[in-house]
Amino acid sequence: QVQLVESGGGLVQAGGSLRLSCAASGSIFSIAVMGWYRQAPGKQRELVARITLGGSTNYADSVKGRFTISRDNAKSTVYLQMNSLKPEDTAVYYCNHQLGASQFWGQGTQVTVSS
């Protein structure tokens, strides 16, 4: 069974940076589509960034130019580099793993951006 463990969340001042990591186990990681989602209080879960097995990426309009998703297949890890953080980025961030029709989720890591 696939297990995903997120890390790197925390409290940061507006304009600062954080780097989230998601380590996968029990996965054929190199052929999985990986993504980061977030959910703020009172809001619906939304896609933040996605990276395919071929390395193609896409981002939510709200984070384009500020966030970068990447993957290290040798380490079975996906990253989300978050720069120029805004208070509106405050949310629980979830790692997502998709292989065909099967999806798996991490437990989430809290990101809080203060002004």
What distance do [X] atom [atom1] and [Y] atom [atom2] have between them, rounded to the nearest 0.5 Å?
| X | Y | atom1 | atom2 | answer |
| --- | --- | --- | --- | --- |
| Cys22 | Gln3 | SG | CD | 11.5 Å |
| Ile28 | Asn73 | CD1 | CG | 12.0 Å |
| Leu4 | Phe29 | CG | CZ | 9.0 Å |
| Phe104 | Gln98 | CZ | CD | 10.5 Å |
| Tyr59 | Leu80 | OH | CG | 8.0 Å |
| Met34 | Ser70 | CE | OG | 11.5 Å |

Quick one: does [X]'s side chain get under 4.5 Å of [Y]'s, heavy atoms only?
| X | Y | value |
| --- | --- | --- |
| Ser27 | His97 | yes |
| Gln110 | Thr90 | yes |
| Met82 | Asp89 | no |
| Lys86 | Arg66 | yes |
| Arg38 | Val63 | yes |
| Asn58 | Leu47 | yes |
| Leu20 | Glu6 | no |

Do Tyr37 and Leu18 share a hydrophobic cluster (ILVMFWY, side-chain heavy atoms under 4.5 Å, transitive)? no

Are Val48 and Tyr79 grouped together when hydrophobic residues (ILVMFWY) are joined by side-chain heavy atoms under 4.5 angstrom apart? no

Do the rings of Trp105 and Tyr94 sit parallel, tilted or perpendicular, given the 30° and 60° boundaries? perpendicular

Would Leu85 and Phe67 satisfy side-chain contact (heavy atoms from CB on, under 4.5 Å), going step by step from the backbone distance to the final call? CA-CA 9 Å; Leu85 282 161; Phe67 291 10; 3.8 Å; yes

Nearest atoms (heavy-atom pairs only) where Ala14 meets Ser115: CB-CA, 4.2 Å

Correct closest heavy-atom pair for Trp36 and Ser21 would be CH2-O, 3.7 Å

Side chain of Arg50, backbone of Asn96: donor and acceptor closer than 3.5 Å? no

Examine distances only and state if a side-chain atom of Arg71 and a backbone atom of Val33 form a donor-acceptor pair shorter than 3.5 Å. no

Are Gln81 and Asn83 close enough that a side-chain donor and a side-chain acceptor fall under 3.5 Å? yes

In terms of heavy-atom contacts, does CD of Gln107 have more than 12 from other residues, nucleotides or ligands at under 6.0 Å? no

Any Lys/Arg nitrogen of Asp61 or Lys64 sitting under 4.0 Å from an Asp/Glu carboxylate oxygen of the other? yes

